[in-house]
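First the structure, in the form of structure tokens, and then the observations on it.
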Number of protein chains: 2
Amino acid sequence: MNLDNDTLIPLAETFKLLGDPTRLAILVACLEEEKTVGQIVLQVGASQSLVSHHLRLLRAARLVKPRRDGRQMYYLAHDQHISCTLKDMIDHIQEEEAL
Amino acid sequence: MNLDNDTLIPLAETFKLLGDPTRLAILVACLEEEKTVGQIVLQVGASQSLVSHHLRLLRAARLVKPRRDGRQMYYLAHDQHISCTLKDMIDHIQEEEAL
DNA sequence: TCTATACATGAACATATATTCATATATTAA
DNA sequence: TTAATATATGAATATATGTTCATGTATAGA
């Protein structure tokens, strides 16, 4: 695998977004089903403000897709590569833990 | 997918390591074949000191495996989940770019 | 032993980042 | 319109992080 900077830099930026535990938890929360901000706040246990800030970054990177319904905003993880990426990395971690 | 903190936190830490472009380039450099620190320095275009600092972090997370041969240290990316993770994420980025 | 080469490490620093607090905006109900 | 609810945003801040510079350690050769 040989990556030029036009691939490497956005790749690193995307990984960086997954590199914060709160933000990663938010992404995982809306991985399989659409969740409102309020639901995410409850599930993740972070403040509403913090969740919104993180959602903004995830939205900007198109890692989640927003949908408005009345006063509520629903968020869903954007495509299936994300869950594949997570699964691969979880496999890696579990292999390391087994040692 | 439902992750407890014992999985989520190491997962985020690992992603964080891939989240710096220099460090990611270092990992990619030794993804398919063992490379000496000097070779990585040349390929990545960062200082020797910086490369060693990053390699230390990658080693601590067992993302690379070191081997000494005389004065040289060879590094190799540790297992195949890493390249799968990279490929998945590259696919994600390329889909986004296509929009 | 002395020198040179390859790599590692500690301190220092500038910048980036996560979080909080206060406040703003949008939508619904009264 | 007014009040209430759901979410977003800007400023401020404490901490984390990437990078450099100087120096240390390990190995090989003379």
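By convention in this document, chain letters (A, B, ...) are assigned in the order of the sequence lines, proteins followed by strands, and residues within each chain are numbered from 1. As the structure is a computational prediction, the values presented were derived from the model and not from experiment. Computation of the quantities below employed the complete heavy-atom set of this structure, encompassing side-chain atoms and omitting hydrogens, waters and symmetry-equivalent molecules.
- Once the 5.5 Å centre distance and the 30° plane angle are applied, the aromatic ring of A:H53 is found stacked with the base of D:dT9.
- Rounded to whole Å, atom C1' of D:dA6 lies 12 Å from atom CG of A:D69.
- Residue contacts for B:Y75: at a heavy-atom cut-off of 4.0 Å it reaches the sugar-phosphate backbone alone, with no base atom in range.
- You'll find the side chain of A:L18 stays beyond 4.5 Å of the side chain of A:M89, heavy atoms only.
- Comparing D:dA4, D:dT19, D:dT17 by their closest approach to the side chain of A:R71 singles out D:dA4.
- Rounded to whole Å, the distance from CG on A:L17 to C1' on C:dT17 is 11 Å.
- Residue B:Q48 places no side-chain atom within donor-acceptor reach of the base of C:dA6, judged by atom type and a 3.5 Å distance cut-off alone.
- Atom C1' of nucleotide D:dT25 and atom CZ of B:R68 are separated by 9 Å, given to the nearest angstrom.
- Remark: A:K16 is in phosphate contact with C:dT17, judged by side-chain N or O atoms under 4.0 Å from OP1 or OP2.
- Nearest-nucleotide assignment on DNA chain C puts the 5′-proximal partner with B:S52, out of B:S52 and A:D20.
- In this entry the distance linking CD of A:E34 with P of D:dT7 reads 12 Å, nearest Å.
- Side-chain atoms of B:S49 and base atoms of D:dC21 include a donor and an acceptor less than 3.5 Å apart.
- Atom CG in B:L42 sits about 11 Å away from atom P in C:dA6, given to the nearest Å.
- A:R68 places a side-chain N or O within donor-acceptor distance of the main-chain N or O of A:G70, the cut-off being under 3.5 Å.
- Using a 4.5 Å heavy-atom threshold, the side chains of B:R23 and B:L27 count as separate.
- Of the listed nucleotides (C:dA8, D:dT7, C:dT9), D:dT7 has the atom at the smallest distance from the side chain of A:T36.
- Counting only heavy atoms from C-beta on, A:V37 has its side chain closest to D:dA8 among C:dT27, D:dA8, D:dT17.
- Here the P atom of nucleotide D:dT7 and the OH atom of A:Y74 are 9 Å apart, to the nearest Å.
- When heavy atoms are screened at a 4.0 angstrom cut-off, A:H54 is found touching the sugar-phosphate backbone but no base atom.
- Taking every side-chain heavy atom of A:Q72 into account, D:dA6 is the closest of D:dT9, D:dA6, C:dT9.
- Between the side chain of A:Q39 and the backbone N or O of A:T36, at least one donor-acceptor pair lies under 3.5 Å.
- One N or O on the side chain of B:D4 and one on the backbone of B:T7 form a donor-acceptor pair closer than 3.5 Å.
- Atom pair A:R67:CZ and D:dA6:C1' shows a separation of 15 Å (rounding to whole Å applied).
- Hydrophobic cluster membership differs between B:L50 and B:M73, with clusters built from Ile, Leu, Val, Met, Phe, Trp and Tyr side chains linked at under 4.5 angstrom.
- Checked against D:dG18, D:dT9, C:dA18, the side chain of A:R59 finds its nearest nucleotide in D:dT9.
- Distance from the side chain of B:M73 is smallest for C:dC7 among the nucleotides C:dC7, C:dA4, C:dT17.
- For A:I26 and D:dA8, the CD1 to P distance is 11 Å, given to the nearest whole Å.
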